[in-house]
Student: 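Before I ask anything, here is the structure I am working with.
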Amino acid sequence: MGEYDVIVIGAGAAGLAAGERLAASGLSFAVLEAKERVGGRAWTDRHVFGGIPFDRGCHWLHSASRNPFREAADRLGMRYMVRSTRRSADLFLGSTKADAQTAREAWNAVEAAFEAAAAAPGEPDRPAIAGCDTSGPWWRLARHWLTLLSALPPERISALDLAAYSDTYENWPVSDGYGALVARTSAHVPVHLGVEVRSIEMRDTPIRIETNRGALRAGHVILTVSTNVIASGAIRFLPDLPADVSEAAAGCPTGLAEKVAFLLDAPLAEFGENVYVDTLDPDRPDRPPVNFVANHLGWPLVVGQLCGETAEALEGEGEAAMTAFALEALKDMLGSGIAKRVRTATATHWGSDPHVLGAYSCATPGHAGARAVLRRPVGERLFIAGEAVSETAFSTAHGARETGLAAAAQAIAARS
């Protein structure tokens with residue numbers, strides 16, 4: 001049985017950052033990761049498309065000018081694209097490409113919905129949808145984007161939590177892969193892979209951590225798993241977590257946002273590099289919108305994004321259903337012949353991944369204070385980190401990193 005000053009559970013952006021700070025502290029520590037790779041929800045897959053970097057999880061450097069991973073990319077010589085906007089350039093209404101004015105009107109409606117959905121300072125919490133005009137012609141598209149960027153539908157988004165997110169609107173895609181950037185930033189941190197934590201026993205000192213590879217002991221623990229994993233009971237806490245912490249994890253769940261990607265025989269001549277395209281079928285109100293990135297980072301890739309109830313239902317049916325749904329929207333947009341140009345396809349499965357159980361966190365109505373609860377130490381010996389506990393940068397890799405560094409600082413202070 002190994003014994004450490006601090007054990008970090010999870011080697012995503014938060015856990016790796018915690019490991020960086022602990023490595024510089026002189027304390028003994030171990031970073032445990034259930035998967036056979038680091039990065040958590042930051043994962044650049046270079047195998048599925050024959051060497052082309054495909055981010056299965058996070059991909060954009062949000063608030064890039066103040067994002068520490070942008071600074072790391074510059075230091076490491078990793079490429080990213082500087083974009084002035086993440087607005088969709090084109091809109092397809094069924095098989096018809098909308099004119100530029102119509103496309104602008106649609107996106108203006110999307111942005112107006114985001115402004116209306118967030119609560120103003122001093123307002124009580126409410127569902128985000130309560131502030132929105134749901135009667136307009138572009139509501140379905142706005143609802144899709146609200147759901148995609150929060151991973152929960154607007155009926156389940158806390159308006160106060162939505163308003164707390166701080167954004168410079170600089171969202172720059174990482175050409176060399178955000179997951180690869182996260183891994184390289186913390187490459188010097190030793191990580192024990194394939195170690196699943198089954199219980200954390202805090203009744204005695206030191207804390208006892210049971211894993212699939214035996215028991216460990218630590219004076220302090222930094223827990224960086226998702227709120228859905230905490231709420232699921234996959235890790236047993238002895239004694240149980242305080243009721244307010246359990247309620248906070250359940251009240252700030254990780255929702256669903258999945259990707260479907262198609263490798264084509266060549267880039268699409270109709271579009272430039274990394275062009276964002278929305279699809280909406282006005283004649284089929286039961287069919288959810290899909291947004292695509294055409295010629296993804298200059299590669300012959302088209303990446304579609306599913307979210308919320310749509311992602312949940314399709315992922316439950318399996319990858320074939322996910323790719324078929326996205327391909328139908330792609331055929332509407334580009335014609336049925338596009339199917340013959342598909343060389344291979346893949347879909348993400350964050351919702352069913354047992355070590356993740358969702359995409360990124362979103363507080364539900366009435367639980368806007370959940371993140372603050374999760375930030376508080378549990379018994380002065382357990383510290384929770386990850387994007388879900390970030391005050392203003394939740395749902396981002398850089399928010400996760402900042403909380404990992406903060407949790408490690410707390411653990412170091414507690415050991416001194």
Side-chain angles (χ1 to χ4, degrees), residues 58 60-67 83-91 93 98 100-173 251-252 255-257 276-280 282 288-291 293 305 307-310 359-372 387-388 390-396 398-399:
C58 58
W60 285 284
L61 289 164
H62 297 296
S63 297
S65 64
R66 65 188 187 201
N67 188 322
R83 303 299 298 265
S84 60
T85 179
R86 202 169 64 178
R87 270 190 170 219
S88 293
D90 292 309
L91 170 66
L93 302 174
Q101 178 60 31
T102 302
R104 280 194 298 271
E105 289 176 1
W107 196 257
N108 287 343
V110 171
E111 292 183 336
F114 272 91
E115 291 182 10
E123 284 187 353
D125 201 7
R126 56 171 170 76
I129 195 172
C132 299
D133 177 6
T134 63
S135 63
W138 307 117
W139 168 243
R140 286 169 55 207
L141 185 61
R143 186 181 190 278
H144 167 79
W145 276 99
L146 280 164
T147 304
L148 179 63
L149 296 189
S150 293
L152 288 179
E155 296 86 352
R156 298 187 61 202
I157 298 171
S158 158
L160 283 177
D161 189 58
L162 185 64
Y165 182 75
S166 177
D167 192 0
T168 67
Y169 302 100
E170 301 161 297
N171 299 292
W172 300 350
C252 191
L256 287 176
Y276 308 139
V277 184
D278 285 327
T279 68
L280 177 69
V290 183
N291 64 289
V293 183
Q305 300 188 94
C307 56
E309 310 99 324
T310 304
Y360 30 84
S361 66
C362 177
T364 55
H367 294 279
R371 301 185 194 279
E387 55 85 14
S390 175
E391 184 175 5
T392 61
F394 43 86
S395 77
T396 71
H398 73 275

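Quick note: residue numbers are just sequence positions, from 1.
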Student: I need the minimum non-hydrogen distance between Ala109 and Ala142, along with the two atoms involved.
Tutor: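 Taking Ala109 first and Ala142 second, the nearest heavy atoms are O-CB, 4.3 Å.
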Student: Can you name the residues that form a side chain to side chain contact (heavy atoms under 4.5 Å, CB included) with Thr147, not counting sequence neighbours?
Tutor: Arg143, Pro153, Pro154, Cys307
Student: Taking all non-hydrogen atoms of both residues into account, name the closest pair between Cys362 and Ser150 and its distance.
Tutor: CB-O, 3.2 Å
Student: Would you give the length of the straight line joining atom CG of Leu149 to atom OH of Tyr165, rounded to the nearest 0.5 angstrom?
Tutor: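 Reported value, rounded in 0.5 Å steps: 8.5 Å.
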Student: At their closest point, which heavy atom of Cys132 faces which heavy atom of Ala116, and how far apart are they?
Tutor: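 Closest approach of Cys132 to Ala116: CA-CB, 4.3 Å.
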Student: Checking Thr102 against Trp138 for the side chain to side chain contact (heavy atoms under 4.5 Å, CB included) test, could you report, in this order, the C-alpha distance in whole Å, the side-chain angles of both residues, the deciding distance, and whether it holds?
Tutor: CA-CA 10 Å; Thr102 302; Trp138 307 117; 3.7 Å; yes
Student: At their closest point, which heavy atom of Ala368 faces which heavy atom of Ala363, and how far apart are they?
Tutor: CA-CB, 4.3 Å
Student: Taking only residues two or more places apart in sequence, or in another chain, which ones meet Arg66 in a side chain to side chain donor-acceptor pair (under 3.5 Å)?
Tutor: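 Residues passing side chain to side chain donor-acceptor pair (under 3.5 Å) with Arg66: Ser166.
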Student: Between the side chains of Trp145 and Asp278, is a donor N or O closer than 3.5 angstrom to an acceptor N or O?
Tutor: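 Judged by distance alone, the side chains do pair up.
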Student: Roughly how far, to the nearest 0.5 Å, is the CD atom of Glu309 from the CG atom of Leu256?
Tutor: 9.5 Å
Student: Quick check against the 3.5 Å criterion: does Asp125 have a side-chain atom that pairs as donor or acceptor with the backbone of Gly366?
Tutor: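 It does hold such a pair.
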Student: Looking only at the aromatic ring of each residue, does the gap between the centers of Tyr360 and Phe394 stay below 6.0 angstrom?
Tutor: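 No, too far apart.
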Student: Is it true that a side-chain atom of Thr364 and a backbone atom of Gly251 form a donor plus acceptor pair closer than 3.5 Å?
Tutor: yes
Student: Rounded to the nearest 0.5 Å, how far does CG of Leu162 lie from CG of Leu152?
Tutor: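 Interatomic distance, Leu152 CG to Leu162 CG, rounded to 0.5 Å: 11.5 Å.
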Student: Is it the case that the side chain of Asn108 and the backbone of Arg104 share a donor-acceptor pair, with hydrogens and angles ignored and the cut-off at 3.5 Å?
Tutor: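 Confirmed, Asn108 side chain pairs with Arg104 backbone.
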Student: Measure across Ala393 and His398 and return the closest heavy-atom pair with its distance rounded to 0.1 Å.
Tutor: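 It is CB-NE2, 3.6 Å.
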Student: Would you say Asn67 and Trp60 make side-chain contact, with heavy atoms under 4.5 Å?
Tutor: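 In short, these two side chains do not touch, never coming nearer than 4.5 Å.
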Student: Side chain to side chain donor-acceptor pair (under 3.5 Å) with His62: which of Thr168, Thr396, Asn171?
Tutor: Asn171
Student: Measure the spacing between CG of Leu146 and CD of Glu155 and express it to the nearest 0.5 Å.
Tutor: 9.5 Å
Student: Which residues satisfy the side chain to side chain donor-acceptor pair (under 3.5 Å) test with Asp161, sequence neighbours excluded?
Tutor: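 Partners of Asp161 by the side chain to side chain donor-acceptor pair (under 3.5 Å) criterion, ordered by chain and then number, come out as Arg371.
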Student: Ala388 and Ser361: which non-hydrogen atoms are nearest, and at how many Å?
Tutor: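 Taking Ala388 first and Ser361 second, the nearest heavy atoms are CA-OG, 3.3 Å.
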Student: Flag the pair Arg83 / Pro173 as yes when at least one side-chain heavy-atom distance between them is below 4.5 Å, and no otherwise.
Tutor: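 Counting from C-beta outward, Arg83 and Pro173 do come under 4.5 Å.
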